[in-house]
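Working notes for the structure below.
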Protein chains: 2
Amino acid sequence: MSERRDQILDAALDIADEEGLGAVTMRAVASRVGVTAMALYPHVSGKEDLLDGLVTRLLAGVALPDASLCWTDRLRELGCSGREALHRHPALVPLLFAKPGSTLAARQTADFIYQALLDAGVPAAQIPRLERLITTFLLGFVISETSGRFVAGTAGAQDWRTAAGRDTRLPAHRQLAAVLAEPSWDDEFAADLDDLIGMVAGRSAAENAAAENAAVSRG
Amino acid sequence: MSERRDQILDAALDIADEEGLGAVTMRAVASRVGVTAMALYPHVSGKEDLLDGLVTRLLAGVALPDASLCWTDRLRELGCSGREALHRHPALVPLLFAKPGSTLAARQTADFIYQALLDAGVPAAQIPRLERLITTFLLGFVISETSGRFVAGTAGAQDWRTAAGRDTRLPAHRQLAAVLAEPSWDDEFAADLDDLIGMVAGRSAAENAAAENAAVSRG
DNA sequence: ACCTGAACACCGTTCAAGT
DNA sequence: ACCTGAACACCGTTCAAGT
């Protein structure tokens, strides 16, 4: 509502993008707005509220794919547009694990996934679990990319791959040495998404087969 | 090595378990050891080094299953023992996303998974990716459990489920209202693990079929 | 209603000083 | 080598005071 609040969130978002989440300080945000730290409190109940506002902004950036696509394409596109939205503000991704996504925007993307899984023929009882499985993986992947689990910030820190490929205490690494290079994360994400979609398709196929069997034995 | 360092890490671990990661302060750790904050620096190069030490302790807690089990049981047991280890120090889980697991202990559990995937017949080129997929999911699941994405700290904050089940803007939620209750996270984790293992088995089955086809068309 | 400035109880870390 | 105490440059937030 208040345009002053939007101004504050804009400033906080800029700081997070430029200097990381640690630099998002009441004082720093205030100074970028051109005001004292205390002047933020009428518009933001405290730091936690400020961060909640940033999460809302972050989730507002995920575009929902065209509902007329087939369910596999819908999930694939949602995965990509979700990842892109988080990449736009990588410093904020850790915030997504702190609280349940109970805002309307968060529930709407969950609803979109629910609908895709319904259309896929997944049994209802499995759908909330599979929605959590998919989004948990997506958030985990992006935070791993952006917070340093996959790629270390410093360039030299990835020697461990070649070292591990020669370490006698890591026999399987040695066996896979030829294949341990750092991959394209775009490609890896796409392949993971395909595997998860295949998993969902398998689930619904198994269900359909079971239903058919039941029908046959009934008939 | 230094037993003073171990003493410091013990104190930090206790504070993290009792009061959370935010309470792990150089001053608080020092005072629990019975010493000034500055007295920590000869044994710990700074706060980052202290947190690295805690991560090492955390990962030391994941037990590797018996290597003689079949690959599916090995993955299943490793998933459970990994989750249990993280549950012992939930406050530390966010630290796992910050840096690549390049310590020996971390690489040894990766090696264990590599071996299971090799035994499953997964093509080598897919193995590092699938290892990351599995561990990314596991870490994402546990951090979601323990940091509040799945379960809110305050009891009353889970009303959104029943509210969402009635919200006209969330048609799929309405359709699934009967099934939106908070699940048993133990059961959900087990089901997710089974699905992922099934996905791996499917991958290797596809590969084997392709190889057989190639062999047939060659012969 | 909105903002300021001083203050409080904290941080991590440096530095000179002690033993 | 190990530890102390004062200090520095920060935090988030409260509170009294201004307009």
Side-chain angles (χ1 to χ4, degrees), chain A residues 1-58 89 91-92 94-95 97-99 147-148 153-154, chain B residues 1-58 89 91-92 94-95 97-99 147-148 153-154:
Chain A
M1 283 308 179
S2 148
E3 72 184 50
R4 192 64 160 163
R5 184 176 222 264
D6 286 334
Q7 204 180 343
I8 290 168
L9 293 178
D10 287 340
L13 217 51
D14 287 347
I15 295 171
D17 291 345
E18 293 167 16
E19 306 171 64
L21 190 58
V24 177
T25 278
M26 297 299 273
R27 284 168 160 95
V29 172
S31 119
R32 187 172 278 242
V33 175
V35 97
T36 311
M38 299 305 89
L40 303 181
Y41 283 77
H43 311 97
V44 145
S45 78
K47 186 164 188 186
E48 200 176 319
D49 184 33
L50 190 159
L51 296 180
D52 284 350
L54 294 184
V55 168
T56 301
R57 289 282 188 99
L58 182 62
H89 304 294
L92 304 182
L95 298 175
F97 285 104
K99 287 185 181 175
S147 294
T154 52
Chain B
M1 283 304 181
S2 146
E3 71 184 52
R4 192 64 161 163
R5 184 176 221 264
D6 285 335
Q7 205 180 342
I8 290 167
L9 292 178
D10 287 340
L13 217 50
D14 287 347
I15 294 171
D17 291 345
E18 293 167 16
E19 305 170 64
L21 190 57
V24 178
T25 277
M26 297 299 274
R27 284 169 159 94
V29 172
S31 119
R32 187 173 279 240
V33 176
V35 95
T36 309
M38 298 305 90
L40 303 181
Y41 282 77
H43 310 98
V44 145
S45 77
K47 185 163 187 187
E48 200 176 321
D49 184 33
L50 191 158
L51 296 180
D52 284 351
L54 295 185
V55 168
T56 301
R57 289 282 187 97
L58 182 63
H89 304 292
L92 304 182
L95 298 175
F97 285 103
K99 288 184 181 178
S147 294
T154 52

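Reminder, nothing fancy here: chain letters follow the sequence lines and each chain counts from 1.
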Requested in this report: Check whether any side-chain N or O of A/His43 sits under 4.0 Å from OP1 or OP2 of C/dA1, and answer yes or no.
Outcome: no
Query - Beyond-backbone contact of B/Leu13 with B/Leu92, side-chain heavy atoms, under 4.5 angstrom - result: yes
Query raised in the report: Between A/Leu21 (CG) and D/dC11 (C1'), how many Å, whole number?
Result: 14 Å
Query raised in the report: From B/Leu40 CG over to B/Asp49 CG, what is the distance, rounded to the nearest 0.5 angstrom?
Result: 11.0 Å
**Report entry** Beyond-backbone contact of A/Lys99 with A/Val55, side-chain heavy atoms, under 4.5 angstrom
**Finding:** no
Query - Short side-chain N/O contact to D/dC3 OP1/OP2 from B/Thr36, under 4.0 Å - result: no
Query raised in the report: Hey, is the side chain of B/Arg4 poking within less than 4.0 Å of OP1 or OP2 on D/dA1, counting only N and O atoms?
Result: no
Requested in this report: May I have the distance from A/Leu40 (atom CG) to C/dT4 (atom C1'), rounded to whole angstrom?
Outcome: 13 Å
Report summary line: In whole angstroms, the gap separating P of C/dC10 from CD1 of B/Ile15 amounts to 14 Å
Query raised in the report: Do A/Arg57 and A/Asp6 meet the salt-bridge criterion of a basic N to acidic O distance under 4.0 Å?
Result: yes
Query - Complementary nucleotide of D/dT4, counting Watson-Crick and G-U pairs under 3.5 Å - result: C/dA16
Report summary line: Whole-Å distance, A/Leu51 CG to D/dC11 P, equals 14 Å
Could you pull out the protein-nucleic contacts involving nucleotides 13-16 of chain C (nitrogen or oxygen on both sides, under 3.5 Å)?
| residue | atom | partner | partner atom | Å |
| --- | --- | --- | --- | --- |
| C/dT13 | OP2 | B/Tyr41 | OH | 2.8 |
| C/dT13 | OP2 | B/Lys47 | N | 3.1 |
| C/dT13 | O5' | B/Tyr41 | OH | 3.3 |

Report task. Report yes if some heavy atom in the side chain of A/Pro94 is under 4.5 Å from a heavy atom in the side chain of A/Ser147; otherwise report no. Result -> yes
**Report entry** Side chain proximity check, A/Val35 to A/Ile8, heavy atoms < 4.5 angstrom
**Finding:** no
